[in-house]
Amino acid sequence: MSQETRTPDYDPATLEPHWQQRWAEEGLYHSDVESARPKFYALTMLPYPSGDLHIGHWYAVTPSDARARFERMRGANVLFPLGFDSFGLPAENAAIQRNIHPREWTTKNMERMRGQIRSMGTMIDWRREIASSDPEYYRWTQWLFLQLLAGGLAYRKHAAVDWCPSCNTTLAREQVVGEDRRCERCGTLVTRKELEQWFFRTTRYAEELLDFSAIDWPERVRTLQTNWIGRSEGARIRFAPAGRAQDTEPVEVFTTRPDTLWGATFLVLAPEHPAVAALTSAERRDEVTAYVEGARRQSDVQREAADREKTGVATGGHVVNPATGEQIPVWIADYVLPGYGTGAIMAVPAHDQRDFEFARKYGLEIRPVIRPAGGEALAAAQMEEAYVGPGELADSGELTGTPTTESVRRTGEWLAARGTGESAVTYRLRDWLVSRQRYWGAPIPVVHCPACGIVPVPEDELPVRLPEDVEWRPTGESPLKLHPTWRKVDCPRCGGPGERDTDTMDTFVDSSWYHLRYLSPHYDDGPFDPAEYRYWMPVDTYTGGIEHATMHLIYTRFFHKALRDLGITQGDEPMLRLRNQGIILGEDSEKMSKSRGNVVAPDALVARYGADTVRAYLMFFARWEQGAPWSPDGIEGAARWLRRVWTLLLEGRQATQDSGGAPQAGEATRRALRRKVHQTIAQVTQDFERFQFNTVISALMELANEMSRATADGAAGSSEWMEAESVYLRLLAPVAPHLAEELWHRLELGDSVHRQSWPEADPEAAAEDEITLVVQVNGKVRDRLVVPADVSREEAETRARASEGARKFTEGLTVRKVVYVPGRLVNIVAT
RNA sequence: GCCGGAGUGGCGGAACGGUAGACGCAGGGGAUUUAAAAUCCCUCGCCGAAAGGCAUGCGGGUUCGAAUCCCGCCUCCGGCACCA
């Protein structure tokens, strides 16, 4: 046997670390402000340093990286940073279990994860890394808190707040999930606690947050946010107290059906409503007090179970229905929630099912005031449920006869003219509770002074550092409160003895602005360098999981708008385009978890196949936005593909050299190769733009197959082959950066492939010169003809009608019509 | 209950209203090999010997032509839910 030149093996284990090191040394992925080039800010959600990198991290980061690389090769100056969301409860909980300091646990995890992320071969600019638990970072989280405070957007109030007894801290409304109200983090049933807490005024931005017109975000996220904000249009109506209480303030209700006012036969207050005491008569006092006490003791789960039978008690007090002038009784009932609307409703039992049930149970009047469309007037005694359909107003004074299509508007005008009410909008959204009674977070930078009240810590004293020597075990009190000295400070205003706020901030505050700190992570004069901001912001593409739809993704929009109003940021939205990746489930189609033992460890995959294969497979194995159960066999396909590319290009180069520039392949083969090359450029470009990574890979696989056929036909050595090589490696570079780089160098194509520009598709080269013309009879495929691409209509129709398939199926029929779709088909309509 | 999203081969999935199932996995057959791995070639929706027929959750409709558009259902996933 003769000694052949053997193609070396594809060995990612050596070439990947080699290139990673080279790129780092050269600073290949440093992104700096460069006004000459268009910027592109590609952001991916920052990970929590939980210790071990999960395949889900790879799924979030590597396709995002590929897309950032694509933008870079297209000529943009791309910023693709990463950091760590390193404050938070898991660090504290882990630290408690292992008896090490949260900082130590977090630092170790970040080190480990940094190494793992580096193995992905991303274009992350590590100079811009941030960690939210860094004093250099949280100094500015605190500074931003103070700006919100000064701007009236942060405030303190005493309220019943959601409390997780396991995490021993308060939770934001968004962190309470499910029908039975569990802690978003640990799943424990949430209870209520009365506490004085810090809030951010998210509700002030409710209306603006509903407007998505300036951003390209997925429909799914937009609806989740829209539902979460929960806008209701209706009216506020004031009911003046009657009898003994007539000198007290009117009771205001919110209703979406002001047009049913004439049917309001009683009023219901939430047990917590401030007017309860004034409206309660002496003889009802004991019963009312007992009911209020009972409601307070009940858990929210019990109270808010919709299927529970309604209970309530009469207060003995009355108010005047402003429409009818009649006195109607006032009740209290726990189906009216203190936190929504005004905490009081007008009950219209004839037209609201809840009120109907309540009225039937307690024998209250049911008075129909809507005549159903095209039907008989309703009779209260015969009704079995509330009528909520369309119709016209009945027994409604001067508005009688108004159709329900305009009755809400006209009642609003009627009320406004009398000064007893007006149109109003209510939101479900609550203000964001940001205080946490835990150690591992950014301390709230205020001092409580007995003389001056709440005093902000002066800017030049920031950051308010976390003390290191603290008992961080949770007791329900903030650990900072238990520190012997930390909280004792002089009041910055009067110099008298004061006390630091001992709560820390919700970690969602940290992550609401991290994209700004990446711009200048070590900037000392503000949260970010304005010059960097002007160049890089807003974020062009934001990628991450959908689970943050009603948390982080609302908070960060709120934060940006609030900072805009404080003159700190510009523009209305922080992130222009959002795309969410799906979830990779375990092989058993269940959520991956250590306890189920179905966790896929990326390190093992990288060790076995190399990072490029893992990247390619993650982009290929499912629709990115959908996710799928992990399939261990599929990755072999991606590995095979990259190995084939390796041998194809190296053997192709050998054959090129052997040919001495005289390819054996004929013109047709070479033209076909060039056509496929340019078709692939167009396809891959379009699919990258749309985040359709799976078809990027399949297009590249197809081109490799075509190139494989072309070399078999002797295309190596031709100019078409050389073009194919160069294009292939550039299209591959975002997906498999190490392999593409290695081959780029082995083929001696020049400097780093990652500095090359994205190839451009030549439509002329991509055009087919022959097409398959489909012949249909009555819409069914009956024949296929190969014709020149520029075939004339007449020619196409004639040949189609003469085709065997067409003749066979039109025999004995009359041709009524012929539809011709150029380049595709001829449809013969015959009967 | 309300609001979204999704239903296409054994599997992941392709498909500007125009050849349904690209690309890949798994399966079947073969080549190479002492053997295996790796690699390469062929095959692969269902029924049918073939001609052909049937197929994109179900039922209608629009259209020359529907996975794609419209109407009505069913199932799964997610969110919200006594929100006045």
In terms of side-chain heavy atoms of A:Arg428, which of B:C3, B:G24, B:C83 is nearest? B:C83
Does a side-chain N or O of A:Arg181 approach OP1 or OP2 of B:C80 to a distance below 4.0 Å, or not? no
Which part of the nucleic acid, if any, lies within reach of A:Leu825 when heavy atoms closer than 4.0 Å are counted: base, sugar-phosphate only, or nothing? base
Given B:C80, B:C82, B:G7, which nucleotide is nearest the side-chain atoms of A:Tyr335? B:C82
Would you tell me if any nitrogen or oxygen in the side chain of A:Lys808 comes within less than 4.0 Å of OP1 or OP2 on B:G52? yes
Is A:Thr255 touching bases, backbone alone, or none of the nucleic acid, heavy atoms closer than 4.0 Å? sugar-phosphate
OP1 or OP2 of B:G13 less than 4.0 angstrom from a side-chain nitrogen or oxygen of A:Thr695, does that happen here? no
Is A:Arg220 close enough to B:C77 that one of its side-chain N or O atoms is under 4.0 Å from OP1 or OP2 there? no
Let's test your reading of the model: under 3.5 Å, does the base of B:C64 pair with the side chain of A:Asn827 as donor and acceptor? yes
Enclosure of A:Glu689 CD (heavy-atom neighbours >12, cutoff 6.0 Å): yes
If I compare all heavy atoms of A:Leu433 with all of A:Leu171, which pair ends up nearest, and what's the gap? CD1-O, 3.9 Å
Parallel, tilted or perpendicular, judged at 30° and 60°: which one describes the rings of A:Trp646 and A:Tyr10? tilted
Where the side chain of A:Phe620 is concerned, which of B:C82, B:G24, B:G52 is the nearest nucleotide? B:G24
Between A:Phe508 and A:Trp432, does the ring centroid distance fall short of 6.0 Å? no
Mapping A:Asn694 and A:Thr256 onto RNA chain B by nearest heavy atom, which one lands closer to the 5' end? A:Asn694
Taking B:A84, B:G53, B:G79 as options, the one with an atom nearest any side-chain atom of A:Phe809 is B:G53
Look at the side-chain N and O atoms of A:Lys780 and state whether any lies under 4.0 Å from the OP1 or OP2 oxygen of B:A66. no
If only side-chain N and O atoms of A:Arg623 are considered, is one of them under 4.0 Å from the OP1 or OP2 phosphate oxygen of B:A6? no
In dot-bracket, 5' to 3', how would RNA chain B read with Watson-Crick or G-U wobble pairs under 3.5 Å, [ ] for crossing ones and | for pairs to another strand? (((((((..(((.....[....))).(((((.......))))).(((....)))..(((((..]....))))))))))))....
Parallel, tilted or perpendicular: which fits the ring planes of A:Phe358 and A:Tyr335, with parallel below 30° and perpendicular above 60°? tilted
Conformer about C1'-N of B:G57 - syn within 90° of 0, anti elsewhere: anti
Between the protein and nucleotides 37-44 of chain B, list every N/O to N/O distance that falls short of 3.5 Å.
{"from": "B:U39", "atom 1": "OP1", "to": "A:Arg643", "atom 2": "NH2", "distance (Å)": "3.1"}
{"from": "B:C40", "atom 1": "OP1", "to": "A:Arg644", "atom 2": "NE", "distance (Å)": "3.3"}

Taking the side chain of A:Val821 as heavy atoms from C-beta outward, which of B:G18, B:C82, B:G52 is closest to it? B:G18
Would you measure the distance from the C1' atom in B:G13 across to the matching atom in B:A35 and give it in whole Å? 37 Å
How is A:Trp641 classified with respect to the nucleic acid when contacts are heavy atoms under 4.0 Å: base, sugar-phosphate, or nothing? nothing
When you measure from the side chain of A:Arg824, which nucleotide among B:C16, B:C23, B:A15 comes out closest? B:C16
Would the distance check show the side chain of A:Asn694 and the main-chain N or O of A:Trp624 forming a donor-acceptor pair, the cut-off being under 3.5 Å? no
